[in-house]
Amino acid sequence: MPELPEVEVAARNLRRWGQGRRIRAAWADARAKRIFRPANPATARQLAGARMDGIQRIGKNLLLTLQGGPGASRANRSGARETSAAALDPQFGLWSHLGMTGKWVRRRSGDPRPPHARVDLTLDDGSRLVYVDPRMFGRLRWVPGARFDAVAELRALGPDPLTDGIEAPRLAERLAVLPARLAIKVALLDQSLLAGVGNIQACEALFRARIDPRRPAATLGRVEVGRLRRGILASIAHTLEALADPSSGGVADADSDIRYVEDDRGDNPFLVYARAGQRCTRCKRARIERVVQAGRATFYCPYCQRA
DNA sequence: ACCCGTGTTCGCTG
DNA sequence: TCAGCGAACACGGG
């Protein structure tokens, strides 16, 4: 269930673990075709031997650029090196979306495969990158030529707050034309507005901006949009810090997988998320309420975020 | 046992 | 026509 901060940590981990390394062998759970479905049988061969050249993140999406080439997909039984044209331009991409429960973990070559492993890549240093996803809401898709700019779903993404920043005037324009009754909290979950904001970050950002999550998005004024912009950036930055700090349940060591910050025992690092019934830490008067919007839980302070 | 869930898409309905 | 809702995906945790 990662949002932008968790996916950013995953991207950093993958760079540290795999950038520049070759994939020696690849395994995919045959029963999990919905997650990883190579375009054709040749892709499996192409994966083994490819070198991981780069890992980018846009919103909640991980974009891996891989390079095959002589000695890559051809490093097989005969050992013969082919230099055909087909083998010379073997760049391709993998688009990874973690869904709700997906994560990339690192294992040693002899380690048992973790429960719910869906894809298992053995690297040339003997380590393995394993994609684990119990609920199988995530996806790992083949992108020919690493042409991520040709993928419609990625094209549709709005600016990424961390890498692109947020232009308040542009955000205000986008909000102004939304359906008249669409709540700002619901609007923020739309990845074409801003890429990477999910349920937690939307709740946290609105609390920081002191905006009622039920307010129609189109009614926000310039000042409020400005506060919202700062709230989103601050919430993402705060969550990233919490993830990086082991004492708050973040990434504990080099081999650890993603820790969701709320896994932290007893110490929820969020200001309102999952705090229904607790006294608001800012006003110290009202209690945090939980409502459902578009089927998702929203947490907010009815005093700080009054209309 | 029952309810909930950090994501997203699809189909139905008013 | 389309905004809005619930279901579906599949499983662990409280």
Side-chain angles (χ1 to χ4, degrees), chain A residues 1-11 29 31-37 57-62 95-104 114-118 131-141 151-158 161-162 177-207 213-214 216-218 232 235-236 238-240 242-243 248-251 257-277 290-299:
Chain A
M1 51 174 157
E3 296 184 23
L4 190 156
E6 290 84 0
V7 180
E8 173 62 20
V9 170
D29 180 355
R31 297 165 305 177
K33 284 213 161 43
R34 61 167 39 256
I35 290 180
F36 183 55
R37 35 179 180 186
R57 181 196 57 75
I58 302 179
K60 304 168 190 174
N61 303 274
L62 291 165
W95 166 29
S96 170
H97 192 294
L98 306 178
M100 279 260 263
T101 56
K103 56 185 177 181
W104 284 97
H116 306 298
R118 309 303 183 183
Y131 179 64
V132 177
D133 190 350
R135 295 181 71 176
M136 297 205 287
F137 291 171
R139 297 290 182 270
L140 187 62
R141 299 217 180 138
V151 178
E153 291 92 329
L154 297 175
R155 252 182 213 248
L157 294 173
L162 199 59
V177 298
L178 291 173
R181 291 195 307 283
L182 185 68
I184 182 61
K185 158 64 168 28
V186 178
L188 285 173
L189 299 181
D190 182 346
Q191 299 300 292
S192 73
L193 187 70
L194 292 172
V197 177
N199 204 38
I200 292 180
Q201 297 302 322
C203 291
E204 295 292 296
L206 288 167
F207 174 74
R214 299 161 299 183
I232 292 167
S235 177
I236 288 172
H238 178 263
T239 307
L240 256 181
L243 286 167
S248 59
V251 178
D257 47 21
I258 300 176
R259 296 275 181 85
Y260 299 112
V261 283
E262 91 239 54
D263 287 351
D264 189 11
R265 323 167 190 165
D267 186 21
N268 174 349
F270 300 118
L271 301 172
V272 290
Y273 185 80
R275 289 193 182 280
R290 175 188 183 278
V291 295
V292 174
Q293 295 180 280
R296 315 294 304 278
T298 298
F299 300 89

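Quick caveat, the model's predicted, so the values are computed rather than measured. Throughout, protein chains are lettered first and strands after them, A, B, ... in sequence-line order, and every chain is numbered starting at 1.
- Put simply, CG on A/Leu98 is 16 Å from C1' on C/dA10, counting in whole angstrom units.
- Closest to the A/His116 side chain, of the nucleotides C/dA3, B/dG7, C/dG12, is C/dG12.
- Taking every side-chain heavy atom of A/Leu182 into account, C/dG4 is the closest of B/dG5, B/dG7, C/dG4.
- Between C/dG4 and A/Arg296, no contact under 4.0 Å exists linking OP1 or OP2 to a side-chain N or O.
- In this structure, A/Phe36 places its CZ atom 23 Å from P of C/dC9, rounding to the nearest Å.
- Using a 4.0 Å heavy-atom distance criterion, A/Gly295 is classed as making no nucleic acid contact.
- One can place CG of A/Asp190 at 10 Å from P of B/dT8, the figure rounded to the nearest angstrom.
- Among B/dG5, C/dC9, C/dG4, the nucleotide with an atom closest to any side-chain atom of A/Arg181 is C/dG4.
- The closest side-chain heavy-atom distance from A/Glu8 to A/Leu162 is below 4.5 Å.
- Residues A/Thr239 and A/Leu4 are not in side-chain contact: their nearest non-hydrogen atoms beyond the backbone lie 4.5 Å or more apart.
- A donor and an acceptor atom sit less than 3.5 Å apart, one in the side chain of A/Arg135 and one in the base of B/dG5.
- Annotation: C/dT1 and B/dT8 have their C1' atoms spaced 23 Å apart (nearest Å).
- Nearest nucleotide to the side chain of A/Arg34, out of B/dG7, C/dC9, B/dC4: C/dC9.
- With both ends at atom C1', the span from B/dA1 to C/dC9 equals 22 Å, rounded to whole Å.
- Residue A/His97 places at least one side-chain N or O closer than 4.0 Å to OP1 or OP2 of B/dT8.
- No contact: A/Arg31 has no heavy atom under 4.0 Å from any strand.
- Here the side chains of A/Leu271 and A/Phe299 are not in contact, with every heavy-atom distance at 4.5 Å or above.
- The closest donor-acceptor contact from the side chain of A/Asn61 to the backbone of A/Ile58 lies under 3.5 Å.
- A/Ser235 places none of its side-chain heavy atoms less than 4.5 Å from the side chain of A/Phe207.
- The pairing partner recorded for B/dC12 is C/dG4, the criterion being a Watson-Crick or G-U wobble arrangement whose two distances lie under 3.5 angstrom.
- Across the protein-nucleic acid pair, A/Leu194 atom CG and B/dG7 atom P stand 14 Å apart, rounded to whole Å.
- As a whole-Å value, the separation of A/Glu3 CD from B/dG7 P is 5 Å.
- Picking from B/dT9, B/dG5, C/dG4 the nucleotide with the shortest atom distance to the side chain of A/Pro179 gives C/dG4.
- Here A/Arg118 does not pair with A/Asp133 in a salt bridge; the nearest charged N to carboxylate O distance is not below 4.0 Å.
- The aromatic ring of A/Phe137 is stacked on the base of B/dG7, with the two ring centres less than 5.5 Å apart and the planes inclined by under 30°.
- Atom-to-atom, CG of A/Leu189 to P of C/dC5 comes out at 13 Å; the value is rounded to the nearest Å.
- Checking C/dC11, B/dT9, C/dA10 against the side-chain heavy atoms of A/Pro134 singles out C/dC11 as nearest.
- Protein atom NZ of A/Lys33 is 19 Å distant from nucleotide atom P of C/dC9, rounded to whole Å.
- Between the P atom of C/dC11 and the CG atom of A/Asp29 lies a distance of 10 Å, rounded to the nearest Å.
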